[in-house]
2 protein chains.
Amino acid sequence: MQSGQEHTLSEFRQQCRAAGLSLTHQREVIFLAVTASKGHPSPESIYDEVRRQIPSISLATVYKNIRTFLEAGLLREVSPHHGSLRLEANLIDHHHLVCTRCKAIVDLAETDIEPVHLKRELPSGFRVLRYSVEFQGLCPDCVADIKTP
Amino acid sequence: MQSGQEHTLSEFRQQCRAAGLSLTHQREVIFLAVTASKGHPSPESIYDEVRRQIPSISLATVYKNIRTFLEAGLLREVSPHHGSLRLEANLIDHHHLVCTRCKAIVDLAETDIEPVHLKRELPSGFRVLRYSVEFQGLCPDCVADIKTP
DNA sequence: TATTAAACGAGAATCATTATCCAAATGTCA
DNA sequence: TGACATTTGGATAATGATTCTCGTTTAATA
Ligand SMILES: [Mn+2]
Ligand SMILES: [Mn+2]
Ligand SMILES: [Zn+2]
Ligand SMILES: [Zn+2]
């Protein structure tokens with residue numbers, strides 16, 4: 001063993017124990033592939049990576065375990081807006097309140113928040129065209145639904 | 001005529017002319033359905049709405065015209081993160097720089113921006129759990145690609 | 001180590017979206 | 001306005017992403 005990921009690996013094992021997930025070789029390799037990737041990988045790219053260590057692994061296994069990790073809180077989704085296209089007719093800059101449960105999206109006027117200030121330069125070479133703030137949480141309906149399921 | 005949308009409709013006709021799009025009944029009804037919806041509708045929900053006025057319309061027509069409107073700038077997508085799942089291994093609150101062309105996602109530490117301040121109360125009943133700022137634009141690679149295509 | 005529940009692999013199924021192809025509608029101009 | 005060229009619409013097949021099903025294998029645990 002000279003991998004340099006012993007810490008992450010033992011953390012992973014402990015997180016699985018805490019979450020009541022059984023430890024499989026596939027899970028270890030999938031999880032480490034996600035954490036080792038510098039960016040924000042897609043399931044396909046994780047599959048490509050994992051297959052180098054487990055050529056026989058199934059894409060469905062990758063998807064299943066990613067979902068398991070998301071549900072257990074070991075990983076997150078970058079955005080709640082993945083899945084279906086949502087249209088914006090309001091072309092004026094503004095922000096959003098997003099219900100992570102029912103996917104409702106409510107506008108917040110640009111003037112409802114103070115302008116965002118950067119404390120430092122952005123990574124050089126990136127051309128920013130706009131920004132928006134997304135408040136994630138639960139809409140009133142979903143708050144009620146959760147209290148009385 | 002007593003619809004109350006003459007203004008939006010004539011605006012739409014003018015925007016189509018400006019963009020070189022021919023005017024069809026389907027396009028009018030689709031566009032008005034999007035602008036009339038208070039929220040941020042999905043193509044399916046627009047299809048459901050439009051079918052009440054044009055029962056014979058095809059779902060493909062709805063999708064094609066939505067894409068046409070997006071390309072012409074008459075509508076926008078709520079988020080650039082729609083399509084495929086992207087995983088987040090960094091569970092600490094932070095923000096993102098997103099390239100709208102190649103979908104690259106780069107982390108910005110929470111401490112890289114000043115805390116966001118609301119100028120007024122949020123719509124009542126919404127339970128906010130977190131927020132994040134998304135800077136959209138072009139990554140260095142895509143900036144270069146566009147200059148030299 | 002034997003038992004049992006959970007996970008895996010292969011592939012079918014589903015969902016969202018796009019492509020294809022022919023008929024119908026639109027735009028242009030005489 | 002009418003003919004013609006072009007674009008668009010409708011039906012449906014195809015695609016890409018994701019989930020489901022089911023029989024086999026593996027992990028947990030006593
Ligand atoms: Mn909006
Ligand atoms: Mn991130
Ligand atoms: Zn909700
Ligand atoms: Zn890019």
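Throughout, a chain's letter reflects where its sequence line sits, starting with A, and its residues are numbered from 1. Owing to the predicted nature of the structure, the values given are computational and were not obtained by experimental measurement.
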TODO: Map T68(B) and G83(B) onto DNA chain D by nearest heavy atom, then report which one ends up closer to the 5' terminus.
DONE: T68(B)
Open item on the list: Taking L74(A) as the starting point, is it possible to reach Y63(A) by hopping between hydrophobic residues whose side chains are less than 4.5 Å apart?
Closed with: yes
Task: Strand-adjacent residues in residues 40-59 of chain B, judged by heavy atoms under 4.0 Å from DNA chain C - done: P43(B), L59(B)
Open item on the list: So, using side chain to side chain contact (heavy atoms under 4.5 Å, CB included) as the criterion, who are the partners of T24(A) when residues are at least two apart?
Closed with: Q26(A), R27(A)
- [ ] Would you mind reading off the distance between L85(B) atom CG and dG16(D) atom C1', rounded to a whole angstrom?
- [x] 14 Å
TODO: Hey, could you give me the CG/CG distance between L97(A) and D107(A), rounded to the nearest 0.5 Å?
DONE: 9.5 Å
Give each protein N/O atom lying under 3.5 Å from an N/O atom of nucleotides 26-30 of chain D, with the pair distance.
| residue | atom | partner | partner atom | Å |
| --- | --- | --- | --- | --- |
| dA27(D) | O3' | L23(A) | O | 3.3 |
| dA28(D) | OP1 | L23(A) | N | 3.0 |

Open item on the list: Going by salt bridge (Lys or Arg N to Asp or Glu O under 4.0 Å), name the residues that satisfy it together with R17(B), two or more places apart in sequence or in a different chain.
Closed with: none
Task: Those residues that, when tested against R67(A), pass side-chain hydrogen bond (donor to acceptor under 3.5 Å, both in side chains) (two or more places apart) - done: none
TODO: Work out how much the helix from dT1(C)-dA30(D) to dA30(C)-dT1(D) bends between its end axes, five pairs an end, to the nearest 10 degrees.
DONE: 40°
Open item on the list: Without decimals, in angstroms, what is the distance between R27(B) CZ and dG10(D) C1'?
Closed with: 15 Å
Open item on the list: Is it true that E134(A) and H96(B) share a donor-acceptor pair across their side chains at a distance under 3.5 Å?
Closed with: no
- [ ] List, by chain and number, the other hydrophobic cluster members for L129(B), where Ile, Leu, Val, Met, Phe, Trp and Tyr join if side-chain heavy atoms come within less than 4.5 Å, directly or indirectly.
- [x] none
Open item on the list: D112(B): which residues meet the side chain to side chain contact (heavy atoms under 4.5 Å, CB included) condition with it, sequence neighbours left out?
Closed with: R120(A), L108(B), A109(B)
Task: Pair Q53(B), H25(B): side-chain N/O donor-acceptor within cut-off below 3.5 Å - done: no
Open item on the list: Taking any atom closer than 4.0 angstrom to a non-hydrogen atom of chain A, what span of DNA chain C does the protein reach, first nucleotide to last?
Closed with: dA6(C) to dT17(C)
Open item on the list: Rounding to an integer number of Å, can you tell me how far H82(B) NE2 sits from dG16(D) P?
Closed with: 15 Å
Task: All side-chain hydrogen bond (donor to acceptor under 3.5 Å, both in side chains) counterparts of R76(B), not counting sequence neighbours - done: none
Task: Pairing residues for R13(A) by the salt bridge (Lys or Arg N to Asp or Glu O under 4.0 Å) criterion, not counting sequence neighbours - done: E28(A)
TODO: Using the test salt bridge (Lys or Arg N to Asp or Glu O under 4.0 Å), find all partners of R130(B) that sit at least two apart in sequence or belong to another chain.
DONE: none
Open item on the list: Can a donor-acceptor pair be found, under 3.5 Å and without considering hydrogens, that links the side chain of R86(A) to the backbone of H40(B)?
Closed with: yes
Task: Atom pair distance, as rounded to whole Å: OH in Y63(A) and P in dG16(D) - done: 12 Å
